[in-house]
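Since the structure comes first, as structure tokens, the remarks are kept for the end.
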Amino acid sequence: MADFDEIYEEEEEEDEERALEEQLLKYSPDPVIVRGCGHVTVFGLSNKFEAEFPSSLTGKVAPEEFKSSINRINSCLKKNLPINVRWLLCGCLCCCCTLGCSMWPVVCLSKRTRRSIEKLLEWENNRLYHKLCLHWRLSKRKCETNNMMEYVS
């Protein structure tokens, strides 16, 4: 019987934690979304992000810092995405013969590119943005024009 009471108390604690998270989300400002603006998109990851400074970040981050962060992300994408596109084309050409197994390198390279961008964003957060009470992350969102998913920063 005592075990049942402990489970009930844990559920109350979880409800309190959810309520705190909802309050934090209610009072936190709307996120600033930086969308991909490139011509090539592989598995939702565009080949570059917009370097234009969002007006909602005025007074929080220097435009030069924002631009240098975006340039670092874009250079990482510029280095990795052409390889992904080549493997995607090869994988599509050989897909029938390999029963889809030729697509695995593309999936692995895409995950590696995404992880390297996430590590870069974490480095940027630790270096500057956490000190300014800001947080960069790569997140998946639904495209406005169609049902496909895209990664935004």
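Predicted model only: the values in this text are computed from it and were never measured.
Annotation: side chain of V61 is in contact with side chain of Y129 (closest heavy-atom distance under 4.5 Å).
In this structure, OG in S68 is found 6.0 Å from CD in E124, a value given to the nearest 0.5 Å. W136 CH2 to F66 CZ: the interatomic distance, rounded to the nearest 0.5 Å, is 4.5 Å. A distance of 3.5 Å separates CD1 in I117 from CG in L77, rounded to the nearest 0.5 Å. One distance of note links CD of E65 with CG of L128; it measures 5.0 Å at 0.5 Å rounding. One finds the CG atom of L121 at 9.0 Å from the SG atom of C76 (value rounded to the nearest 0.5 Å). Separating the CG atom in N74 from the NZ atom in K48 is a distance of 7.5 Å, to the nearest 0.5 Å.
The shortest heavy-atom contact between A51 and I70 is CA-CG2, 3.8 Å. The two residues K60 and L134 come nearest to each other via the heavy atoms CB-CD1, 4.3 Å. Between L138 and F49 the shortest heavy-atom distance is CD1-CZ, 4.1 Å.
For E122, the side chain to side chain contact (heavy atoms under 4.5 Å, CB included) partners at least two apart in sequence or on another chain are N125, N126, H130, H135. Residues passing the side chain to side chain contact (heavy atoms under 4.5 Å, CB included) test with R112, sequence neighbours excluded: N80, L109.
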Self-check item: Check against salt bridge (Lys or Arg N to Asp or Glu O under 4.0 Å), E64 and K67
Solution: CA-CA 5 Å; E64 298 83 20; K67 190 171 182 177; over 6 Å; no
